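Note sheet for the following structure.
Since the model is a prediction, treat every value here as computed from it, not as a measurement. Quick note on labels: first sequence line is chain A, next is B, and so on, each numbered from 1.
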Amino acid sequence: MAGDNQAMPRIVAAQMLAPDAKQFRIEAPKIARRHRAGQFVIVRVTPDGERIPLTIAASDAEAGTITLVVQAVGKTTMVMNDLDVGDEILDLAGPLGTPSEVDDFGTVVIVGGGVGTAVAYPVAVALREAGNRIIAVIGARNRSQLLFEHELAALPAEVHVCTDDGSYGRAGLVTDALQDVLAAESIDRVFAAGPIPMMKAVAEVTRAAGVTTIASLNPIMIDGTGMCGGCRVSVGGHNRFACLDGPEFDAHEVDFDLLASRNRAYLEGEAARRRELHPCEVTVQVGGGEST
Amino acid sequence: MSELSRRERMKREPVSMPERPAGERAADFDEVNLGYSFDQAVAEAERCLLCARPTCVQGCPVSVDIVEFVHRVSNADLAGAAEVIAADNSLPAVCGRVCPQETQCEGACVLAKKGKAIHIGNLERFVADVARAEGWATTSDPAPSGRRVAVVGSGPAGIACAGDLVGMGHEVTVFEALHELGGVLAYGIPEFRLPKAIVEAEIDRLRQRGVHFETNAVIGMVDTVDDLLTTEGYDAVFLGVGAGFPRFLDVPGENLVGVYSASEFLTRVNLMRAYVAGSDTPLIEVEGRSVVVFGAGNTAMDAARTAVRLGADPVTIAYRRTREEMPARAEEVAHAEAEGVVLETLVAPVELLGNEAGRLVGLRLQRMELGEPGDDGRRRPEPIPGEVLEVTVDVAIIAIGNGPNPLLLRATPDLDRSERGTIAVDSDTGSTSKPGVYAGGDIVTGGATVILAMGAGRRAARAIDDYLGTDQAP
Ligand SMILES: Cc1cc2nc3c(=O)[nH]c(=O)nc-3n(C[C@H](O)[C@H](O)[C@H](O)COP(=O)(O)OP(=O)(O)OC[C@H]3O[C@@H](n4cnc5c(N)ncnc54)[C@H](O)[C@@H]3O)c2cc1C
Ligand SMILES: Cc1cc2nc3c(=O)[nH]c(=O)nc-3n(C[C@H](O)[C@H](O)[C@H](O)COP(=O)(O)OP(=O)(O)OC[C@H]3O[C@@H](n4cnc5c(N)ncnc54)[C@H](O)[C@@H]3O)c2cc1C
Ligand code: FES
């Protein structure tokens with residue numbers, strides 16, 4: 001049973017940013033007014049659909065809109081990316097999660113991998129506004145998949161680009177570029193969002209360098225309000241609910257292997273659902289969360 | 001109706017609840033209990049001794065005038081019976097199905113000692129179902145008061161509070177965090193015990209009476225309680241946000257894939273319809289696999305019986321005390337057993353065992369025995385040294401209770417709390433430490449019952465009405 005007399009949030013702008021990533025501007029005046037960097041919304045797009053978490057990539061309190069960037073990795077995100085201007089979002093709840101810790105830390109490196117760059121972008125904006133110097137190290141499979149390069153450069157930020165295939169920027173992993181940055185100058189803080197193996201590798205690099213590092217975790221969620229415990233992650237040996245206490249945690253304390261294995265829980269079933277939807281696509285990304 | 005003598009009444013046998021055969025019902029999610037026919041209801045009602053000082057009414061947390069409504073049923077005056085119940089209980093179709101009658105009204109019935117207590121719950125359900133089918137309206141709402149009240153949470157506390165407030169002429173909006181209304185009645189208690197249509201009918205009735213509902217409204221995150229009282233223009237707020245914060249076992253291995261809190265398991269199945277073909281929300285395959293549920297309350301029974309319906313085999317309830325101490329309604333335990341759930345008592349988990357892929361494959365259980373009574377008067381389970389057993393299992397469900405959800409509490413730091421972390425209120429009125437803000441239900445008591453939540457919602461509605469009638473209100 002849904003509510004009544006409630007206007008459904010409407011999409012006012014939509015644009016492909018990459019072959020499988022779409023940016024939406026959605027009318028949600030209250031969420032826009034409340035939103036702080038690091039928070040997310042829960043979205044449901046069809047009556048039988050899943051509730052999925054999506055980071056609020058930007059908000060405009062005056063226009064009353066929020067921006068979401070969605071990478072199609074499974075059924076819900078594929079259905080969502082078929083939506084367009086004028087369409088309505090069935091259910092949209094938020095803002096959820098604990099906002100990012102924002103302070104003038106000094107020089108902060110923002111590491112973004114894949115759609116993780118969209119997750120990290122609002123944090124970069126807030127940290128820049130708080131006076132930090134921002135260095136962005138962003139990566140993608142290839143040039144066409146790269147997100148928010150120009151927006152980050154405009155902050156301004158010093159932007160380092162890495163692609164897996166070397167089609168643009170440096171060929172290789174973001175951690176290689178990060179290591180060079182850490183070697184070249186003194187860094188006060190690192191923020192990472194992206195595939196789990198990337199965040200884990202970043203944490204290892206910065207642990208060695210002794211730099212405080214925050215990771216934005218992406219466990220599977222349902223309610224997003226602390227009611228189910230499905231989003232629990234292990235931080236410093238203690239269980240924390242990512243939807244309440246996160247999604248950002250001290251990366252040096254996070255059990256990334258546990259997160260990766262929990263995100264693989266439904267891999268087989270989801271691959272089947274994805275095939276139903278797009279019968280021609282049969283590739284299954286193994287390794288849960290790499291797709292982010 | 002012929003008047004029966006007291007002796008004749010006492011001689012009659014109770015009319016048991018017609019239910020679907022265990023083998024049939026364990027394969028689907030349709031309601032287990034079928035409800036009385038008219039003749040069965042009258043026959044059961046005729047057994048009532050109509051005590052002059054009825055102990056059943058004392059046993060009822062909201063003091064429904066049971067003798068009067070049962071008497072009216074025996075006289076075939078169902079509309080009259082519905083009116084009597086409605087005076088004290090705004091959710092009789094729900095309570096008739098889920099109240100722990102054996103420790104409340106029926107437990108207090110003078111015939112209970114003989115094992116022949118009047119089936120008050122069955123009668124309440126019968127009357128409420130007829131009233132709903134006939135569309136009997138039991139209330140006519142007064143002229144608008146011009147006052148606006150925000151109710152946060154659409155569980156039984158919120159629904160009951162909203163119903164009474166609209167009946168007092170106030171404008172009411174219910175804010176619900178999830179996409180569906182009903183609280184635990186929607187996401188927790190399964191269809192086979194409480195059909196969603198019943199909860200929907202209650203909510204539709206409130207809608208017709210002018211209550212507004214807003215879903216996807218997470219109060220504390222989108223609007224705060226202070227926003228509701230200021231920018232949003234509400235004159236008072238009722239908090240009925242429940243105790244939805246699952247407890248875990250705190251033993252190694254409980255983050256393995258295949259380990260669920262009961263809330264997650266039931267939410268996936270009930271709210272997200274994971275059992276219906278076409279639903280997108282996945283569930284770990286349990287068909288033909290072994291499922292163990294820790295705990296023995298209603299939540300544990302619901303999780304176990306849900307697993308049975310999804311084809312799990314075997315399904316085991318693992319409980320650290322004995323059957324006598326199980327907090328679930330007696331009917332749920334009996335139904336679970338009849339449906340094939342194994343009750344394994346006097347065991348406590350010490351570790352959940354996984355494979356290299358991080359999937360649950362087994363359990364290490366400690367055998368227990370009952371020792372001296374603890375603070376709560378119940379004998380405390382104590383480990384028997386050296387008696388540890390290992391079993392294989394595919395899915396484990398943790399149903400050991402819920403604490404107060406911190407989300408709204410964190411966003412409202414000026415609300416006083418009890419030492420248990422629940423919202424502290426005046427027990428007569430439900431008023432909190434914040435002027436104009438009232439609370440009731442599980443967020444005040446900790447996980448309790450539907451009827452207590454309903455009663456708390458109604459008490460708060462009366463207090464809010466008083467408050468709005470005085471000059472304290474803005
Ligand atoms: C706090 C938070 C913020 C997020 N922000 C964004 C965002 O801004 N943009 C975006 O595109 N995605 C974001 N995600 C990830 C997004 O929620 C998932 O991609 C989405 O739930 C997948 O749903 P689906 O039905 O399309 O795919 P499914 O069919 O459910 O899953 C497809 C594949 O994705 C993996 N997967 C499932 N759930 C998640 C998850 N939560 N995280 C990562 N992989 C998952 C599965 O293992 C599977 O391999 C965020 C996740 C969290 C927890
Ligand atoms: C599986 C299960 C089986 C049960 N079986 C029985 C039984 O047989 N008999 C019985 O008497 N009792 C039973 N109970 C207990 C009973 O359901 C609860 O005591 C009762 O529902 C409490 O009602 P409530 O209104 O206080 O809260 P809830 O029913 O928990 O409702 C609270 C609502 O508030 C919403 N909410 C929370 N935070 C916010 C927020 N910040 N903003 C907006 N909305 C919010 C929640 O989403 C929820 O919908 C059972 C409980 C469970 C979990
Ligand atoms: S998503 Fe359910 S508790 Fe976090």
Greatest number of heavy atom pairs closer than 4.5 Å to chain A - which of [options]:
options: B:L271, B:V259, B:V257, B:T267; value: B:V257
options: B:L256, B:D227, B:L266; value: B:D227
options: B:L283, B:V276, B:V174; value: B:L283
options: B:E176, B:R268, B:E254; value: B:R268
options: B:N402, B:N405, B:V218, B:T224; value: B:N405

What distance separates [X] [atom1] from [Y] [atom2], expressed to the nearest 0.5 Å?
X: B:F265; Y: A:C228; atom1: CZ; atom2: SG; result: 13.5 Å
X: A:K75; Y: B:T281; atom1: NZ; atom2: OG1; result: 10.0 Å
X: A:I31; Y: B:N216; atom1: CD1; atom2: CG; result: 8.5 Å
X: A:L96; Y: B:L407; atom1: CG; atom2: CG; result: 7.5 Å

Flag side-chain contact, heavy atom, 4.5 Å: [X] against [Y]:
X: B:L178; Y: A:R51; value: yes
X: A:F241; Y: B:P246; value: yes
X: B:M272; Y: A:I222; value: yes
X: B:D280; Y: A:T46; value: yes
X: A:Q39; Y: B:M221; value: yes
X: A:K30; Y: B:D223; value: yes
X: B:R359; Y: A:S261; value: no

At a heavy-atom separation under 4.5 Å, does A:R44 approach chain B through its side chain, its backbone, both, or neither?
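A:R44 touches chain B through side-chain heavy atoms alone.
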Per-residue contact mode, A:L244 against chain B (heavy atom under 4.5 angstrom)
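Both parts, backbone and side chain.
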Quick one: closest heavy-atom pair of A:G229 and B:E264, and the distance?
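So the two residues come closest at C-OE1, 4.3 Å.
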Heavy-atom proximity to chain A below 4.5 Å, by part of B:E356:
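For B:E356, no heavy atom lies under 4.5 Å from chain A.
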What do you reckon, is CZ of A:R36 surrounded by more than 12 foreign heavy atoms closer than 6.0 Å?
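12 or below, so no.
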Top of A:N239, A:I52, A:I42, A:V41 for chain B proximity - count of heavy-atom pairs under 4.5 angstrom
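With the most close heavy-atom pairs to chain B, the winner is A:N239.
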Do A:D245 and B:R410 pass the salt bridge (Lys or Arg N to Asp or Glu O under 4.0 Å) test, and can you show the C-alpha distance, the side-chain angles, and the key distance before you say yes or no?
CA-CA 11 Å; A:D245 298 326; B:R410 280 185 199 167; 2.8 Å; yes
Are a donor atom and an acceptor atom from the side chains of B:N255 and A:R232 found within less than 3.5 Å of each other?
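Yes, because at least one side-chain N or O of B:N255 sits under 3.5 Å from a partner of the opposite role on A:R232.
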